[in-house]
Amino acid sequence: MPEHRAVKRVRIPFAGREVEFVDREAALRQLGELAEGGTWWPLVIYGPEGCGKTALLRQARAVFEDYGYHVVYVDPLAERVEEVLQYTPSIRDIVLDVARRFPEPYARIVDVAISVASHVMRSLSRPRVAVLMDDVFQAVGVDRAEQYVKTLLNLIEWPPADYDKVVVLVASSEGVTRERVGRHRWAEIRAMWNMPREGFQQLYEHLPSPKPPTDEAWRLTGGNPEALERLYRAGWDVGRAVDRIVREGALDAWVFELGDVGRRVLVEVLDEPDILFYRAGDETVRVVKERLVEKNLVARVWQRDPDAWIDVPPPERDPELGIGKYYAWQTPIHREAVKRALEAAGR
Ligand SMILES: Nc1ncnc2c1ncn2[C@@H]1O[C@H](COP(=O)(O)OP(=O)(O)OP(=O)(O)O)[C@@H](O)[C@H]1O
Ligand SMILES: [Mg+2]
């Protein structure tokens, strides 16, 4: 086992403050391994909305830079424009030069990043290059996700010049793209889950009192940092937080459109997400499953082999948190939102 150095933890926003990246020890070890070996394929990381993918990529930048990589990072959906494209200062001139070649660099930021990576390979002698892409599938559209992954694979396999090591990481919360990208052997796909109990506790400690007991926050969020943030912002009023999720996802209309038969299946899924696996042959079950995955409410968690995951896999089964062997509610509060929408539809 190679020794892994202790990397500085970056500071990231959380619930209106800045906190140090917490926990995710296993993920940090995995990033160290990737840095040492490079990636043979683009590594696509999927996980529930708000589980901490963006946080992980920001920390990843620090890890790779520590290993001597020149990093280019894009987050097309970032709130602040200066966060859309970030890079190691060593490649500043290359980035500016490439960006000038695009009439509208921000409109084609994914292409800009890929072009930067190939220019770095051409301009520097056997460099280490890391390309980190956050939420790019949402930005380029599902239809083009496969094409972009192939382009990234080409960068690894047919580089414009010799490189020492290259790492390509793509993060996405989109359940549907997983199916599409997963069809090809163009990428390695790994899933990421919400935070484990201890890490969640550390994050929770950053929030000011008064606040409910940790156990309660855990039961509601299942360790999802964004769900925790939502609860905090709703003044710990669970009903309000749930209503917001219903509204944002237009869940009541969606549940209504499922029809009586679909809604009956959905009621069963509340308690037992695994019926989506066991009764997959049933047409209604199949439709409900596709919708739940598409809407980022339920995730497929088919295996618990640690190599299929970034950081630690979810528990084998945890009915209270809505985690089955094959499928899991992304968070308990999302399950609560669906329950509320079902009640509104009068079942
Ligand atoms: N390990 C961590 N340490 C500290 N803060 C974290 C950690 N993981 C996540 N957070 C914080 O929790 C919030 C949600 O995480 P983040 O935005 O990274 O999730 P995400 O998976 O990228 O979500 P989305 O699917 O919406 O893109 C952010 O404020 C983030 O900074
Ligand atoms: Mg994100």
Side-chain angles (χ1 to χ4, degrees), residues 7-31 43-63 73-80 83-86 109-110 132-140 142 145 169-178 190-207 217-218 220-234 241 244-245 248-249 293-299 309-312 314 328-331 333-334 337:
V7 176
K8 172 175 102 351
R9 287 175 181 263
V10 296
R11 295 191 70 79
I12 45 177
F14 174 66
R17 63 210 70 220
E18 223 183 44
V19 304
E20 196 165 82
F21 181 80
V22 301
D23 191 63
R24 300 293 197 190
E25 307 291 342
L28 290 180
R29 264 197 314 279
Q30 289 168 322
L31 291 173
L43 173 58
V44 178
I45 303 173
Y46 279 90
E49 276 184 341
C51 73
K53 298 174 297 294
T54 297
L56 183 80
L57 283 194
R58 290 189 178 197
Q59 179 63 39
R61 172 179 168 188
V63 172
Y73 170 110
V74 282
D75 179 359
L77 307 181
E79 278 166 30
R80 299 206 316 238
E83 289 181 341
V84 171
L85 177 69
Q86 297 174 52
I109 203 68
V110 178
L132 312 180
M133 302 207 154
D134 202 357
D135 279 332
V136 290
F137 297 155
Q138 281 96 321
V140 300
V142 180
L169 300 187
V170 181
S172 176
S173 60
E174 243 196 292
V176 194
T177 4
R178 173 184 187 137
R190 291 206 213 172
M192 180 173 168
W193 195 245
N194 299 320
M195 303 203 71
R197 187 75 170 73
E198 258 172 53
F200 177 77
Q201 176 72 41
Q202 287 178 45
L203 204 55
Y204 189 66
E205 275 158 20
H206 283 292
L207 297 174
W218 172 256
L220 287 162
T221 63
N224 182 288
E226 192 192 61
L228 179 61
E229 205 171 2
R230 280 176 174 279
L231 273 173
Y232 167 70
R233 288 190 198 281
R244 263 203 92 138
I245 297 177
E248 285 172 13
V293 170
E294 225 168 69
K295 275 199 148 321
N296 282 316
L297 294 164
V298 161
W309 293 84
I310 285 288
D311 205 54
V312 288
W329 286 94
Q330 293 202 355
T331 79
I333 204 165
H334 283 88

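As the structure lists them, so they are numbered: ligands from 1, and atoms in each ligand from 1. Since we're looking at a predicted model, the values are computed, not measured.
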Regarding [X] and [Y], does a basic nitrogen lie under 4.0 Å from an acidic carboxylate oxygen?
X	Y	value
Glu229	Arg17	no
Lys53	Glu226	no
Lys295	Glu49	no

Closest approach of any protein heavy atom to [atom], naming residue and atom:
atom	value
atom 13 (C) of ligand 1	Glu229 OE1, 3.7 Å
atom 28 (C) of ligand 1	Pro13 O, 3.6 Å
atom 11 (C) of ligand 1	Phe14 CD1, 3.7 Å
atom 20 (P) of ligand 1	Lys53 N, 3.4 Å
atom 1 (N) of ligand 1	Val22 O, 2.9 Å
atom 5 (N) of ligand 1	Ile12 CD1, 3.3 Å
atom 17 (O) of ligand 1	Thr54 CB, 4.0 Å

* Asked: Val136 versus Ile109: any side-chain heavy-atom pair under 4.5 Å?
  -> no

Using a 4.0 Å cut-off to any heavy atom of [X], which atoms of ligand 1 qualify?
X	value
Leu203	4 (C), 5 (N)
Met195	1 (N)
Glu49	25 (O)

* To do: Measure across Lys8 and Gln59 and return the closest heavy-atom pair with its distance rounded to 0.1 Å.
  =>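 For Lys8 and Gln59, the tightest heavy-atom pair comes out as O-NE2, 3.0 Å.
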
* How close do Asp23 and Phe21 get, heavy atom to heavy atom, and via which atoms? ->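 Closest heavy-atom pair between Asp23 and Phe21: O-CE2, 3.8 Å.
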
* So with a 6.0 Å cut-off around CD of Glu79, is the heavy-atom count from everything else above 12? ->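 Check fails, neighbour count at 12 or below.
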
* Between the side chains of Gln201 and Glu205, does any donor sit under 3.5 Å from an acceptor? ->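 A pair is found: one side chain offers a donor N or O, the other an acceptor, under 3.5 Å apart.
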
* Looking only at distance, does Arg24 have an N or O less than 3.5 Å from an N or O of ligand 1? -> no

* **Within-cut-off N or O pair, Cys51 and ligand 1, under 3.5 Å** => yes

How does [X] reach ligand 1, by side chain, by backbone, by both or by neither, if only non-hydrogen atoms under 4.0 Å count?
X	answer
Val19	side chain
Ala55	both
Asp135	side chain

* Asked: Does any N, O or S atom in Thr54 come within less than 2.8 Å of the Mg ion (ligand 2)?
  -> yes

* Check each of Ser173, Gly52, Pro225, Ala227 against atom 12 (O) of ligand 1 and report the one with the nearest heavy atom. => Pro225

* Nearest neighbour of atom 14 (C) of ligand 1 from the list Gly50, Pro48, Gly16, on a heavy-atom basis ->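 Among Gly50, Pro48, Gly16, the closest heavy atom to atom 14 (C) of ligand 1 belongs to Gly50.
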
I'd like to know if the side chain of [X] reaches the main chain of [Y], judged simply by a donor and an acceptor atom lying under 3.5 Å from each other, with no hydrogens or angles considered.
X	Y	result
Asn194	Gln330	yes
Arg11	Glu18	yes
Gln86	Val74	no

